[in-house]
Amino acid sequence: MGVENRSTMVEFVLLGLAESMVLQTLLFVLFLAMYLVTLSGNAVMVLLIGVDPRLRTPMYFFLLHLSLLDMCYSSVTVPQMLVHLLSVHKALPFARCALQMYIFLAFGMAECVLLAIMAYDRYVAICYPLHYGTIMSRHLCSRMAAAAWVSGFLNSLIVNGFALHLPYRGPSRINQFFCEVPAVIKLASADITTAEVVVFVFGTLLLLVPFLLIAASYGRILAAILLIHSVEGRRRAASTCASHLLVVSLFYGTAVFAYMRPTSATSSTGQDKAVSIFYTVVTPMLNPLIYSLRNKEVKGALGRLATRKIFTKM
């Protein structure tokens with residue numbers, strides 16, 4: 001029997017976050033609230049950018065795609081986690097587990113590329129303000145956003161291809177709350193060296209290359225800001241980058257721990273789960289809050305939308 005036929009017979013059992021039903025119930029309430037905040041916050045960002053003409057700029061165009069990615073990224077894992085928190089049998093068939101692995105990694109890789117594109121947008125805006133509209137044309141922005149989505153799905157196909165090619169026999173227990181490549185390939189009933197190297201190399205490249213582009217962009221931005229003579233001008237230029245830098249720090253801080261280390265590297269299960277919760281639940285929830293609380297234009301758009309709704313009802 002081939003690898004594919006053996007693999008389709010496997011049911012992965014997810015051990016989840018806790019064994020106590022009381023604790024699971026409390027976690028269900030907490031994560032449900034956080035998931036609803038994630039969906040509503042990102043949906044509001046998409047709505048504001050879509051309806052407010054003042055937000056139809058390249059920066060907000062990319063922010064719209066970031067909000068869409070965050071909603072999709074979180075929805076791949078959190079609803080299943082919520083169901084399993086109230087279930088006794090926490091299992092997924094191989095096909096569903098494989099699909100979750102593929103889509104989750106695709107959205108994560110796409111976000112890496114998109115954050116690098118957003119850094120480049122800030123670089124052009126601050127270093128070449130007079131040519132910003134010409135360089136960051138609508139056509140270029142659309143192509144860059146499409147490149148982020150396509151690259152995520154293509155690279156995920158390669159990584160998951162190596163992981164899912166391995167044979168998996170019998171019920172397998174994953175000490176995690178969702179199917180993730182590093183956790184799943186540890187359960188293969190064959191030599192995982194090649195798959196482990198592929199995951200490590202692709203994880204490193206797909207995090208490191210965008211990160212280097214972000215670092216290069218902000219290096220040029222910092223040099224440009226230092227050349228601004230007025231303190232107010234420096235503050236204004238720096239404030240346009242603060243939200244993006246905070247989002248990058250949150251995303252890369254956890255992604256590096258999860259993917260830029262060999263799968264066999266020693267780490268506690270508690271650490272792995274905590275990091276996974278952070279980048280699947282916490283970060284997608286915080287991103288729209290970071291951009292809305294620190295951004296006068298977004299707050300202004302929200303106020304105009306609320307005023308419009310009030311006058312419409314009157």
Kindly work out whether a path of hydrophobic side-chain contacts (I/L/V/M/F/W/Y, heavy atoms less than 4.5 Å apart) joins L164 to I158. yes
Grab the two heavy atoms, one from S156 and one from M101, that are nearest each other, plus how far apart they are. OG-O, 4.3 Å
Taking CZ in R56 as the centre, count heavy atoms belonging to other residues, nucleotides or ligands within less than 6.0 Å. Is the count above 12? yes
More than 12 heavy atoms of other residues, nucleotides or ligands under 6.0 Å from CZ of F211: yes or no? no
Would you check if the distance from the ring center of F251 to the ring center of Y279 is below 6.0 Å? no
So F104 and T280, do their side chains get closer than 4.5 Å, heavy atoms only? yes
Hydrophobic clusters here meaning ILVMFWY residues chained together by side-chain heavy-atom distances under 4.5 Å, can you tell me if M21 and F177 are in one? no
Report whether L286 and L36 are members of the same hydrophobic cluster (ILVMFWY, side-chain heavy atoms less than 4.5 Å apart, transitive linking). yes
Scan M118, R122, M136 and name whichever one has a side chain to side chain contact (heavy atoms under 4.5 Å, CB included) with P58. M136
Counting heavy atoms not belonging to Y132, are there more than 12 under 6.0 Å from its OH? yes
Taking every non-hydrogen atom, the tightest pair across A148 and L114: CB-N, 4.1 Å
For the residue pair F107 and F153, is the inter-centroid distance of their aromatic rings smaller than 6.0 Å? yes
Can you find a heavy atom in the side chain of M285 that is under 4.5 Å from one in the side chain of D70? no
Hey, are the side chains of V281 and S276 touching, using non-hydrogen atoms and a 4.5 Å cut-off? no
Starting from F31, can I reach L26 by hopping between I/L/V/M/F/W/Y residues whose side chains sit under 4.5 Å apart? no
Any chance the side chains of Y60 and H65 put a donor and an acceptor closer than 3.5 Å? no
Would you confirm whether the ring centroid of H84 sits within less than 6.0 angstrom of the ring centroid of F28? no
Under a 4.5 Å side-chain heavy-atom rule over Ile, Leu, Val, Met, Phe, Trp and Tyr, are F61 and Y128 clustered together? yes
